[in-house]
Number of protein chains: 2
Amino acid sequence: MSSLKSKILVVATDLFQTRGINSTGVDTIVAVAGTTKMTLYKYFTSKENLILEVLEKGHQDFQSWLSEQLNSNVKKPSDKLQKLFEFIEEWVTSPNFRGMGFIKASAEFPNEESPIHQLSSEQSRQFRQFISSLATEAGIHDADGLALQLSLIFEGAVQAEQMKRGSGAMKYAKKASKILIDSALTN
Amino acid sequence: MSSLKSKILVVATDLFQTRGINSTGVDTIVAVAGTTKMTLYKYFTSKENLILEVLEKGHQDFQSWLSEQLNSNVKKPSDKLQKLFEFIEEWVTSPNFRGMGFIKASAEFPNEESPIHQLSSEQSRQFRQFISSLATEAGIHDADGLALQLSLIFEGAVQAEQMKRGSGAMKYAKKASKILIDSALTN
DNA sequence: AAATCCATATACAGACCTGTATATATAAGA
DNA sequence: TCTTATATATACAGGTCTGTATATGGATTT
């Protein structure tokens with residue numbers, strides 16, 4: 001991938017998170033990225049296309065990092081669920097954390113026909129499914145139910161942490177997840 | 001309050017929830033409300049002012065309804081926390097539910113200097129404080145911590161329920177809240 | 001050195017949005 | 001009937017945004 005294209009992606013990811021997607025114009029993006037609109041529209045067919053690529057890259061980076069961490073650091077598959085929030089906290093509190101795109105995107109694009117809304121919904125569903133499969137491996141009966149609960153907490157904590165760094169939201173989310181997992185294991 | 005003003009408020013609340021705040025122009029609002037821009041700008045000094053009034057009305061309606069329900073239906077103050085999510089579910093699943101404004105507003109207006117961001121943050125903080133006071137009355141030690149956990153679940157569930165009616169998010173949020181409250185009571 | 005590719009600089013069309021100006025209709029009260 | 005208050009109809013100024021057109025600069029390859 002071109003260096004300019006990835007620069008634009010990084011800058012857009014940043015600005016979308018800090019200023020909102022709709023409030024960030026392409027002029028601002030190219031100005032911060034140090035390039036011009038002509039170049040942006042060479043790599044992306046439209047602003048919508050840019051948003052979609054930002055979402056896709058963000059989700060892929062997160063998912064592949066998370067899978068890698070779980071696979072290389074946790075031996076027993078049934079222990080992965082317990083460690084999940086440890087790694088999520090590590091990701092969220094890392095200095096290069098730039099928010100979870102799909103959480104904000106679904107709020108800014110509520111129209112169900114919008115491709116952006118559809119992609120972010122799909123990513124949210126995929127993440128829930130990922131948690132559910134870990135829960136199943138851990139021997140939990142209502143895996144989908146627990147996955148929904150954990151994703152609610154996770155998405156809320158990420159949103160809170162991103163809005164106010166060091167809010168402690170992630171710490172309490174981690175505690176809550178432990179309690180909910182323990183409860184689901186003994187039922 | 002003038003009939004037209006409250007009509008505009010209701011319509012704006014609806015459109016902001018279903019289409020997003022930034023994506024909803026004042027032309028659309030007055031067209032749906034069956035009036036004109038001149039009238040809207042008679043009652044509201046600007047679109048920002050309209051948004052602020054929509055947020056304030058939504059939050060007041062919810063908080064006063066919730067307090068009323070808790071006060072008139074729960075005798076012992078220490079039982080209020082347990083019943084909290086029952087009433088919230090009732091509110092969220094009622095046919096005239098129009099979303100919790102402050103959840104979406106803080107996502108669409110991330111700039112901390114924006115009055116809209118400030119108001120929605122304040123409302124979120126107030127709601128958390130309300131839960132914390134119920135937790136204290138119920139004899140819970142780390143009331144603020146539990147309040148944060150419950151508000152994370154609550155905001156996530158409202159968001160999910162509003163995005164997809166009948167998603168079951170509220171049902172699992174209720175279960176999670178019971179587990180977390182029980183755990184906090186025995187620690 | 002000539003040709004080709006890549007990015008820049010700049011300008012602008014067309015759409016949309018907020019907020020206002022002006023003129024008109026309607027209804028109620030004196 | 002005359003006046004006053006309230007809502008409508010319509011047009012538009014000024015701004016922002018996306019996306020494109022046109023011309024220029026610089027670097028690499030042949």
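The figures here come from the full heavy-atom set of this structure, side chains too, leaving out hydrogens, waters and symmetry mates. Protein chains get the first letters and strands the later ones, always in sequence-line order, with residue 1 at the start of each.
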Could you tell me whether the side chain of A:S106 and the main chain of A:F102 form a donor-acceptor pair under 3.5 Å? yes
Helix axis bend for the helix from C:dA1-D:dT30 to C:dA30-D:dT1 - C1'-based end axes, five pairs, 10° rounding: 10°
Can you build the contact string for nucleotides 12-21 of chain D? Use B for base contact, S for sugar-phosphate-only contact, and - for no protein heavy atom under 4.0 Å. ------BBBB
N/O (side chain, B:T39) to phosphate O (OP1/OP2, D:dT6) under 4.0 Å: no
Exercise answer: donor-acceptor pairs, residues 147-155 of chain A side-chain atoms, under 3.5 Å, sequence neighbours excluded:
residue	atom	partner	partner atom	Å
A:Q149	NE2	B:Y172	O	2.9
A:S151	OG	A:A147	O	3.2
A:S151	OG	A:L148	O	2.9
A:E155	OE2	A:S124	OG	3.3

Do side-chain atoms of B:E108 reach the backbone of B:N22 as a donor and acceptor pair under 3.5 angstrom? yes
What is the distance from NZ of B:K42 to P of C:dG19, rounded to the nearest Å? 17 Å
Measure from NZ on B:K5 to P on D:dA7 and round the result to the nearest Å. 12 Å
Is B:K5 atom NZ crowded by more than 12 heavy atoms from other residues, nucleotides or ligands, each under 6.0 Å away? yes
Please check if any side-chain donor atom of A:Q118 sits under 3.5 Å from a side-chain acceptor atom of A:E112, or the reverse. no
Give A:Y43 one of three labels, base, sugar-phosphate or nothing, depending on what nucleic acid heavy atoms sit under 4.0 Å from its own. sugar-phosphate
Between A:L40 (CG) and C:dT8 (C1'), how many Å, whole number? 14 Å
Are OP1 or OP2 of C:dT10 and a side-chain N or O of A:T36 less than 4.0 angstrom apart? no
Which pair of heavy atoms, one from A:F130 and one from A:S67, lies closest together, and at what distance? CE1-OG, 4.1 Å
Is the B:W91 ring parallel, tilted or perpendicular to the B:W65 ring (thresholds 30°, 60°)? tilted
Side chain of B:T28, backbone of B:T24: donor and acceptor closer than 3.5 Å? no
